[in-house]
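Encoded as structure tokens, the structure appears first; notes follow it.
Whatever order the structure lists ligands and atoms in, that order sets their numbers, starting from 1.
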Amino acid sequence: MSVSAAVAAASTSRTLVLARHRSPPASRVAATSRGRPFSSGPHPLAVSPATRAPAMATDGAAAAAAAGSKKKKEVLIFDAEEDLAVSLAKYTAELSAKLAAERGAFTVVLSGGSLIKNIRKLAEPPYLDSVDWSKWHVFWVDERVVPKDHEDSNYKLALDGFLSKVPIPTGQVYAINDALSAEGAADDYETCLKQLVKNGVIAMSQSTGFPRFDVMLLGMGPDGHIASLFPGHPLVNENKKWVTYIKDSPKPPPERITFTFPVINSSAYVAMVVTGAGKAGAVQKALSDKQTSSDLLPVEMAVLQDGEFTWFTDKPAVSMLQNK
Ligand SMILES: O=C(O)[C@H](O)[C@@H](O)[C@H](O)[C@H](O)COP(=O)(O)O
């Protein structure tokens, strides 16, 4: 049984919807995710008419759901990392066109880690020429408090792997002030965000009172952390600050700044890009209907108030889903 089929079979009792993608061969699953809200209406983002086959419902209830619901959370499963990268580039480029037209700016938040490699196709044809890079404003969901030319710097990672290859105006790339302490850098970054809200570059969420970024392109660690919000760390409960700091990160280096959950959860779109068998346990916990423990992983705390959350995964990352 293929992974896609296994996911579908395991999912029918939970009203999941399976769509098969012919090229690239991805599976698309709407996650029920323990009561997380769904709203009605069509999916507003045609990631790729060429790559999306008609939805194939796995049972009657799923068919009804597929016909009438806007799925605010979906899981894309790719056969190959190359296909994932192609689809992620298309997703981001289409959001760029849509949101830049609507707002006059496109605010993009990056994580560090393997995400940067996964967005590499944006810096290649056709997107290199078709995207209006002048509208992009780039931020980091978290950053290590190290000099910008340090090998641990998320800025350096993104610069080397992506930003140096696309013509985003340098004044629209918001690195941390690496001359400051962790606390100082977090305050400084939050002040910068507030100024950009005043200027109208960053939108505000009317429902949460926190900034509403257009898209966050995020990775997840094997322990289920996102940004620098780690399992069991008190920072996951921060509900006032926009940006905060950590000095005891379990993942080195220890000093970092990070967006808080209220900011992440106010986003318009989040792509959670997760590949590899090492992350299968956290993926299973995050996508399972069953609450296996009262302790939510940070990735499970990423619940958008009014936005669309899309998982970009590969088969090893979802390999434990059929065992739910
Ligand atoms: O600064 C960081 O450490 C990252 O921003 C971090 O949140 C990362 O995105 C995840 O750890 C996933 O990293 P991998 O995709 O490399 O596993």
Problem - Ring-face cation of K73 near F309 (centre distance under 6.0 Å, axis angle within 45°) - result: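 Yes, K73 sits over the ring of F309.
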
Run the side-chain donor-acceptor check on residues 215-225: report pairs under 3.5 Å with partners two or more places apart or on a different chain.
from, atom 1, to, atom 2, distance (Å)
D223, OD1, H225, N, 3.0
D223, OD1, H225, ND1, 2.7

Problem - Protein residues having a heavy atom less than 4.0 Å from any atom of ligand 1 - result: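 Protein residues near ligand 1 are S111, G112, G113, S114, D142, R144, N154, G219, M220, G221, H225, A227, K251, R256, K279.
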
Exercise for the section: Look at the rings of F78 and F312 and say which category their plane angle falls in: under 30° parallel, 30 to 60° tilted, over 60° perpendicular. Expected result: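 The rings of F78 and F312 lie parallel, inter-plane angle below 30°.
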
Handout entry: Carboxylate-amine/guanidinium contact K156 D149, below 4.0 Å
Key =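 Salt bridge between K156 and D149, a charged N being under 4.0 Å from a carboxylate O: no.
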
Going by atom type alone, with no hydrogens or angles, which donor-acceptor pairs under 3.5 Å involve a side-chain atom of residues 112-119 and a protein atom two or more places apart or on another chain?
from, atom 1, to, atom 2, distance (Å)
N118, ND2, S114, O, 3.3

Cut-off 3.5 Å, no hydrogens considered: what does the side-chain donor-acceptor table look like for residues 237-245, sequence neighbours left out?
from, atom 1, to, atom 2, distance (Å)
E238, OE2, K240, N, 2.9
E238, OE2, K241, N, 2.8

